[in-house]
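Only one structure is covered here, and it is reproduced in the block below.
Just so it is clear: chains get the letters A, B, ... in the order the sequence lines come, proteins before strands, and each one is counted from 1.
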There are 2 protein chains.
Amino acid sequence: MADANELREVSRRAVRARIGEVAARLFAERGFDATTVDEIADAVGMSQRTFFRYFASKEDAALDDFARESDDFLHRLTARPADEPEWDSLRRVFDAVVERHADGELRRRSQLAHRLIKSSPTLLAAYLERADRLQQRLLEALLARAAENGEEADEAVLRAVIGAAFACLQATVSRAASAPEATDLGARLDAVMAAVRPARYA
Amino acid sequence: MADANELREVSRRAVRARIGEVAARLFAERGFDATTVDEIADAVGMSQRTFFRYFASKEDAALDDFARESDDFLHRLTARPADEPEWDSLRRVFDAVVERHADGELRRRSQLAHRLIKSSPTLLAAYLERADRLQQRLLEALLARAAENGEEADEAVLRAVIGAAFACLQATVSRAASAPEATDLGARLDAVMAAVRPARYA
DNA sequence: AACGTTTTGACAGTAGCTGACACTGATGAC
DNA sequence: GTCATCAGTGTCAGCTACTGTCAAAACGTT
C-alpha cells in the first residue's frame, strides 16, 4: 500500500516536471500570454483537463521552480540558530539563490524565468502574490522563533524587516537577470543588504 | 472643441466613479470572486461591454482608489527637496495614507478595501503588481533626482530602499486594517520606519 | 434640422478554468 | 485466472473574464 502510494507520487512528480519543462520551452519561444494551455497540453500529449489536474493554473506551471524554492527558503530559515539576528538569517536563507546562481545551467534557467516574469503583467502579479505568501510563512517562523527565545516581537516591524530583505534580494537578482555576464551575486547581495540593513540590527 | 473634450472627460470620470462605487458595494456584500462583471454592469445599468470600456479588468474597478493614490505618491515625491534623504522623502510621501487615515469615513473605506484585497488571491496579486509598478515609477523619479544632484546612485540599492519603505508601509497599514480601533497611523509608521531605517541613512 | 463625433449595445468568439461522468489500466483479493 | 477497486485520463458541457466588430443611438456643432 505504502509502496503503491509512493510509486504514484513518483509518477506524479515526473509528469508534473515534464509538463513544467515543455511549458517553459513554449513560454520561452512564444511568450507567456501567447501560449495557450491547449498548446502546452498538446505538446505534452495530454488533454487540457489533465494539465489542470497537475497545475491549478497556467501561472503555476510557469512558477513551479519558485514554489520549490519557497519550501527551500523555509527549511533554511528554521535551520538557522535562534539567536542570530533575523537580518543575517535571511541573508543566509538567500544563499539558496546565490548557490543556484553559481551553476551555469541553473543560472541561465533562472535568468530566463525572471525575464519571462517581467514580460507578462499577469505572470508578474502571480509571482508577487506567491512571494507575499512566502513572506508570511517566514514571518510565522520568525515569530515562533522569537516566542521560543522568550522575546515579544513586534509583528509589524518583523514583517517590514522581511519585506526589506526581500526587496534587497529582488533588486539584486533583477539586476543580475538583466546583466549579460556572470556577476558575483553573493557579493552584490552582501553589499545591498549591508546598505539597507535596518537600524535595529546596527 | 476643447470644451467638448473637457465635458466628455468630466462625464467619463463621473461614470467611472459611479461604477467604482457600485462595484465596491457589491464586492463588500458578496466578495470579489463571487461578484461577476455582469452583475456589476446590471447594477449600474449598462452592458458588460461598456463596463470594460471604463475599466480594463474587474481588478481595476476594485483598485481604482489605489490607482489615484499612486499618482498622488508620485506628485508628493517630486515635491520634496532634492537633498532630503530618500528614506525621509518616502516617509513624507506616505503621509498621503496617514492623512486619509485621519478622516473617519475615508479610513473605513480604506480598511474595507484592504480586507477585500486580503480575501482574494487574484485581487491581492493584481494589487501587488500595481504596487510594484508604482515602486518602479518612484525609482525613476529618485534616479532622476540623484542625477540632478550630480550623484551616481546605485540603482539596486535604491530599488531595495524603496521596497523596504513600502514594506514598512504595508506592514503598518495591514495591522491598522485588522485593528478594530483607530490607531495613530503616523506614529506607528514613524516607529516602524525608524526601526527599519537602512544603515546608509543612519 | 443636418452633420460628424463619440458612446453604447448586441453579438460572436477566445481562453482559462471547473464539475460530472464514463472509460481504462493497474492492483490486490479470492 | 477472474473479479472488484481505484487512481488517472479524456470528453463534454458550462461559467466567466475579456475582446473585436458593427450598427444604432446620443450628443454637441453648425
For [X] and [N], give me the distance from atom [atom1] to atom [atom2], rounded to whole Å.
{"X": "E9(B)", "N": "dG28(D)", "atom1": "CD", "atom2": "P", "answer": "15 Å"}
{"X": "M46(A)", "N": "dT11(D)", "atom1": "CE", "atom2": "P", "answer": "13 Å"}
{"X": "I19(B)", "N": "dT7(C)", "atom1": "CD1", "atom2": "C1'", "answer": "12 Å"}
{"X": "D42(A)", "N": "dT9(D)", "atom1": "CG", "atom2": "C1'", "answer": "15 Å"}
{"X": "D60(B)", "N": "dA17(D)", "atom1": "CG", "atom2": "P", "answer": "14 Å"}
{"X": "F55(B)", "N": "dT7(C)", "atom1": "CZ", "atom2": "P", "answer": "15 Å"}

Can you see whether Y127(A) engages E59(A) through a side-chain donor-acceptor pair at a distance of less than 3.5 angstrom? no

NZ/NE/NH1/NH2 to OD/OE distance under 4.0 Å, [X] and [Y]:
{"X": "R25(B)", "Y": "E29(B)", "result": "yes"}
{"X": "D88(B)", "Y": "R92(B)", "result": "no"}
{"X": "D184(A)", "Y": "R188(A)", "result": "no"}

Report which part of the nucleic acid E39(A) touches: base, sugar-phosphate, or nothing (heavy-atom distance under 4.0 Å, all strands).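 It contacts nothing in the nucleic acid.
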
Give S11(A) one of three labels, base, sugar-phosphate or nothing, depending on what nucleic acid heavy atoms sit under 4.0 Å from its own. nothing

Considering only heavy side-chain atoms of F52(A), the closest of dT9(D), dT18(C), dA17(D) is dT18(C)

Would you please test F94(A) and H101(A) for ring pair (Phe, Tyr, Trp, His ring centres under 6.0 Å) and show each step? CA-CA 11 Å; F94(A) 296 161; H101(A) 196 80; over 10 Å; no

Checking side chain to side chain donor-acceptor pair (under 3.5 Å) for the pair R133(B)/S70(B): CA distance, chi angles, key distance, verdict? CA-CA 9 Å; R133(B) 292 221 172 162; S70(B) 292; over 6 Å; no

Taking side chain as C-beta onward, heavy atoms only, is L63(B) less than 4.5 Å from L123(B)? yes

Could you encode protein contacts along nucleotides 10-15 of chain C as a string, one character per nucleotide from 5' to 3', using B for base contact, S for sugar-phosphate-only contact and - for no contact, with a heavy-atom cut-off of under 4.0 Å? B----S

Between D33(B) and R12(A), just flag the one whose closest nucleotide in DNA chain D comes earlier from the 5' side. R12(A)

At under 4.0 Å, does any side-chain N or O of Y54(A) touch on OP1 or OP2 of dT9(D)?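 The answer is yes; a side-chain N or O of Y54(A) sits under 4.0 Å from OP1 or OP2.
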
